[in-house]
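Let me begin by presenting the structure, written as C-alpha cells, before commenting on it.
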Amino acid sequence: MADAALVELAKRRGFFFGSNGAYGGTAGFYTFGPQGAALKRNVESAWRDRFTLQEGNREIESPTVMPEPVFEASGHLETFDDMLVECGECGDSHRADHLVEDATDVEDAEALPAEEVETLIRDHEIACPACGSPLAGRDVEDFNLMFATDIGPGDGQRGYLRPETAQGIFVEFPRLKEYARGNLPFGITQIGPAYRNEIAPRGGLLRLREFTQAELEQFIDPETDDPPLERVTDVEVRLYPAAEQTKPDGDYRHTTVGEAVADGTIGSPWVGYYLGVAMEWYERIGVDLNRFRFRQHLAGERAHYAADCWDAESEVDGDWIEIAGFAYRGDYDLSKHDAYGDDTFTVFKRYDEPKTVERATVDPDMSVLGPAFGGDAAAVADALETLAERDPEAFAAETVAVEVDGETHEVDADVAGFAVEEVTETGEHITPHVVEPSFGVGRTVQTLLAHAYETDEVDDEERTYLSLAPEVAPRDAAVFPLVTSDERLTALADRVAADLRAAGLAVSYDDSGSIGRRYRRQDEVGTPFCVTVDRDGIETDGAETVTVRERDSAAQVRLPVDELAGELTRLLSGESFEALTDRYETVETDVETN
RNA sequence: GCACCGUUGGUCCAGUGGUAGGACAUUAGCUUCCCAAGCUAAUAGCCCGGGUUCAAUUCCCGGACGGUGCACCA
C-alpha cells in the first residue's frame, strides 16, 4: 500500500512508525515522531481554522470512553457485535447468531457466549447456507469492533472506547443546543482519537485501531435551513456518482458544486456545500487535485445512519483511499438518543405567528368506565382519546363505539367528557437533522506525504524532498551558519534562530556537516525555507544579511536580518517566493534543479 | 481471521550450526564560504518463546510484527 521509500523515510526521519517496537510491536497502532506529530498538528490547525473558526462553529472535547447505553442507542453495539462463523469449505462468513436462531428455538443468540453458540451449531448439525457443508467445529468469532472496558472497579459499568468522535457530540446535544441558545443551524466540531478493533490493520496509517478524526456535526432544520451555497458554487469538483460506478464505462463528472447540486447529482445542498469547502481546504493544505475525487457511496455501502454519503478520496500509490466522509445522517442520531436517553434531543421551533388550533380532547369519567369495563377501562379511555383526535364527529351521537382488543365497547357520549378546546401554539419541538463532514487526520497526513514526495537532481546529485505546503510543514525554517570555524557566523546564526523562535516560528538549527548535507536533511522533512548565515552577510558596511533558500527551487535571496522574521511570516502565510526575489537581491548560485 | 513470503546496527541489505559484514546515516575531530565532497575515529544489530544440539542469529515448532492475496471495513 504505502510506498516503500516513503515508509523508510517516515521511519528514518521521524514522521511515523509502528508503536511498541520494544515489545514486539502492536498491529494497528502508530506513533507519530517529532516531524509527523508537527505535520499532523498543523493539519489539525488548518482544519480547525476552516471548519470551526471560518464557519463560526464551536469545538468541544469529550471523553473517549463512553458507557454501554450510548452505543445501544447509536446502533453501534448491534452493528459491531456480530458473531461470525466462517465455512471451512467455501469460505463464506455467516452470522452465527442468525443461523442458530433459524435452526433452533433460541431467540436471542447474540446474547450467548461464543462457546455456547458453537455448541448449538454442533448439536443441531447446522450447515453452511451457501454450500451445505457442516459448520460443526468451526470457531465462532466475536466480531466486536469496539474496544470494551470497565468503568470503575468490580462490577462497574461496561464502557467502550468511542468508534467515532461524533457520539460525544450527539450525547451532549441537550446542553450544546443551550449554548447555541436554541437556534438552528449551528455546528459543533471535535478533533480527537477514535478506536476500532480492526480485524486486520493494514497499510501503515491507512487502517489503524486508534486514529484521529476531525468531525463537524452541523445541526439544521431540514425545512428551513439552507447552506451558504453561493460561497462555493463555482468550486470545481471531480465527482464519481454512484450511477457512474455501476456502469461498465462509468466516468467522472467534472462540474461545479453549484451545478451538481442544481441537477441533483449531489442530493443535499448541505453536503454539496461541505464538498465545496473541503475541496478548497484540500487544495490549501497541498493535496494533489489530480489525485483527488469525491465518490458517492453505493446504496449497499452506506452506514446504518447515513441517508446519502460522499467520500473524499485520494490516490496513494495507485489505490484510492477514503480520507473523509460527508454523510447526511438525518435525525437518526438525535431521535435515537431522545428515545434511549433521559434528556430531550429536540429544539423548540417558534412559528412566525402563533397558531390557534382547535383540539378535540376527552376527559372520561373513570368512576363510570371503571365499574363498567374493569381491567379494560384504561384501554377504553386511551381509545376514546385516539378517536377524538381522529374523528371528533363520532362524539356527536348518543354513544360512541371503541374497539379494544377486537372487542367493541359502547360508551355514553357524556361519560367521555368530549370537548373541543382552542389552543394557542407558539411553535413546535423538532428533531434537527445532521450533516456530518468527517475527516481522517492520519489518512490526510499520509496523503500529503505521498503527494509531496518528490525526487529530482540538484547538481547532478539525486535528492528527495517533500514539497509540503508551508502551512503544514513540520518546521517553518532552518537556520545554519555556513561554516562553524568562524565564531561570528555561529553567534549570528544562534541569534537569528532565537529571534525567529521568539517570533513564533518552528525553527531547526543545524551546524553539522557540509552546507549541502544540511540542505538535504531539511529537504527530506519538507522544511520550506533555509536561512544561512555567511561571511558576506556580516562583512558589510550596512545591516547584517542572511540568505534564504526556497526548498523546491533551491533559489536564494539575500535579505537583512531585521526583515527576516517578517518576510518569513509572509512567506508562510502564502506569499510567493518570487515576490521576495523582486524586492531583494537574489543570490547567484550555479545550483540547478532538474 | 485464513494462505503465502519475510524479520540481521538508526535505515537498506549480505552472511553463518562455533554470536556477524557492508553501504548509507549518526557522533567527535580535521578540513570546508552555498547544495548528500574528503580524511581519521567512534557509537550501534541477529524479533520473542520453546525444542533439537556440546553449541542456534542459522534447523524445527509456536507467537508477535510486516508485506501480498482472500475475507472484513458503520
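Protein chains get the first letters and strands the later ones, always in sequence-line order, with residue 1 at the start of each.
- The separation of B/U57 from B/C48, taken at their P atoms, amounts to 9 Å, rounded to a whole angstrom.
- Out of B/A71, B/C34, B/C12, the shortest distance to the side chain of A/Leu482 is found at B/C34.
- Taking the C1' atoms as reference points, B/U43 lies 7 Å from B/U27, given to the whole Å.
- Checked against side-chain contact (heavy atoms from CB on, under 4.5 Å), A/Ala493 has the following partners two or more places apart in sequence or in another chain: A/Val479, A/Pro481, A/Tyr509, A/Val533.
- The interatomic distance linking A/Arg202 (CZ) with B/G1 (P) rounds to 12 Å, in whole Å.
- One can place CZ of A/Phe529 at 18 Å from C1' of B/C34, the figure rounded to the nearest angstrom.
- If you check distances only, the side chain of A/Arg207 does reach the base of B/C72 with a donor-acceptor pair under 3.5 Å.
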Nucleotides 35-40 of chain B: protein proximity per nucleotide (B base, S sugar-phosphate only, - neither; heavy atom, under 4.0 Å): BBS---
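- Separating the CE atom of A/Met146 from the P atom of B/C73 is a distance of 16 Å, rounded to the nearest angstrom.
- Taking atom C1' on both nucleotides, B/A20 is separated from B/A56 by 14 Å, rounded to a whole Å.
- A distance of about 47 Å separates the C1' atoms of B/A55 and B/A37, rounded to the whole Å.
- Side-chain nitrogen and oxygen atoms of A/Ser512 include at least one within less than 4.0 Å of the OP1 or OP2 phosphate oxygen of B/U27.
- At a threshold of 4.0 Å, the pair A/Arg495-A/Glu544 counts as salt-bridged, since one of the basic side-chain nitrogens sits closer than that to a carboxylate oxygen.
- In this entry the distance linking CG of A/Asn20 with P of B/C47 reads 19 Å, nearest Å.
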Step-by-step ring pair (Phe, Tyr, Trp, His ring centres under 6.0 Å) determination, A/Phe326 to A/Phe439: CA-CA 9 Å; A/Phe326 302 80; A/Phe439 289 68; 5.7 Å; yes
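- Comparing B/U19 with B/C5, their P atoms are spaced 30 Å from each other, to the whole Å.
- Under the salt bridge (charged side-chain N to carboxylate O under 4.0 Å, His left out) criterion, A/Asp331 pairs with no residue, sequence neighbours left out.
- For the salt bridge (charged side-chain N to carboxylate O under 4.0 Å, His left out) test, residues two or more places apart in sequence or in another chain that qualify with A/Asp523 are A/Arg463, A/Arg549.
- Between A/Phe17 atom CZ and B/C47 atom C1' the separation is 17 Å, expressed in whole Å.
- Judged purely by distance below 3.5 Å, without hydrogens or angles, the side chains of A/Gln245 and A/Arg295 pair a donor atom with an acceptor atom.
- Distance A/Asp511 CG to B/U31 C1': 15 Å, rounded to the nearest Å.
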Contact list (N/O, under 3.5 angstrom) for nucleotides 41-43 of chain B vs protein:
none

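- A salt bridge links A/Arg12 with A/Glu524; the closest basic N to acidic carboxylate O contact falls under 4.0 Å.
- A search for ring pair (Phe, Tyr, Trp, His ring centres under 6.0 Å) contacts involving A/Phe170 returns nothing, not counting sequence neighbours.
- Residues meeting the side-chain contact (heavy atoms from CB on, under 4.5 Å) test with A/Tyr30, sequence neighbours left out: A/Phe16, A/Leu205, A/Leu208.
- Residues A/Arg293 and A/Glu244 are not paired through a salt bridge, judged by the lack of any N-O separation under 4.0 Å between the basic side chain and the carboxylate.
- The gap from the P atom of B/C54 to that of B/U16 amounts to 24 Å, rounded to the nearest Å.
- Per the geometry, CG belonging to A/Asp510 stands 14 Å off P belonging to B/A25, to the nearest Å.
- Comparing the same atom, P, in B/C70 and in B/G9 gives a spacing of 31 Å after rounding to whole Å.
- Between the CG atom of A/Leu298 and the C1' atom of B/C73 there is a distance of 15 Å, rounded to whole Å.
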Can you give me the N/O atom pairs linking the protein to nucleotides 61-66 of chain B at distances under 3.5 Å, or say none if there are none?
residue: B/A64; atom: O2'; partner: A/Gly24; partner atom: O; Å: 3.1
residue: B/C65; atom: OP1; partner: A/Ala27; partner atom: N; Å: 3.2
residue: B/C65; atom: O4'; partner: A/Gly24; partner atom: O; Å: 3.0

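- Taking the C1' atom of each, B/C46 and B/C59 are spaced 15 Å apart, rounded to whole Å.
- Under the salt bridge (charged side-chain N to carboxylate O under 4.0 Å, His left out) criterion, A/Arg209 pairs with no residue at all, not counting sequence neighbours.
- Under the 3.5 Å distance criterion, with hydrogens and angles disregarded, no donor-acceptor pair is assigned to the side chains of A/Glu454 and A/Ser467.
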Dot-bracket pairing map - RNA chain B, Watson-Crick plus G-U, both contacts under 3.5 Å, | cross-strand: (((((((..((((....[..)))).(((((.......)))))....(((((..]....))))))))))))....
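- Comparing A/Glu8 and A/Thr484 by the nucleotide of RNA chain B whose heavy atom lies nearest to each, the residue mapping closer to the 5' end is A/Glu8.
- The ring pair (Phe, Tyr, Trp, His ring centres under 6.0 Å) test applied to A/Tyr240 returns A/Tyr252, not counting sequence neighbours.
- By the side-chain contact (heavy atoms from CB on, under 4.5 Å) test, A/Glu322 pairs with A/Asp311, A/Arg443, sequence neighbours left out.
- Checked options A/Val65, A/Val70, A/Leu77, A/Asn197; the residue passing with A/Tyr160 is A/Leu77 (criterion: side chain to side chain contact (heavy atoms under 4.5 Å, CB included)).
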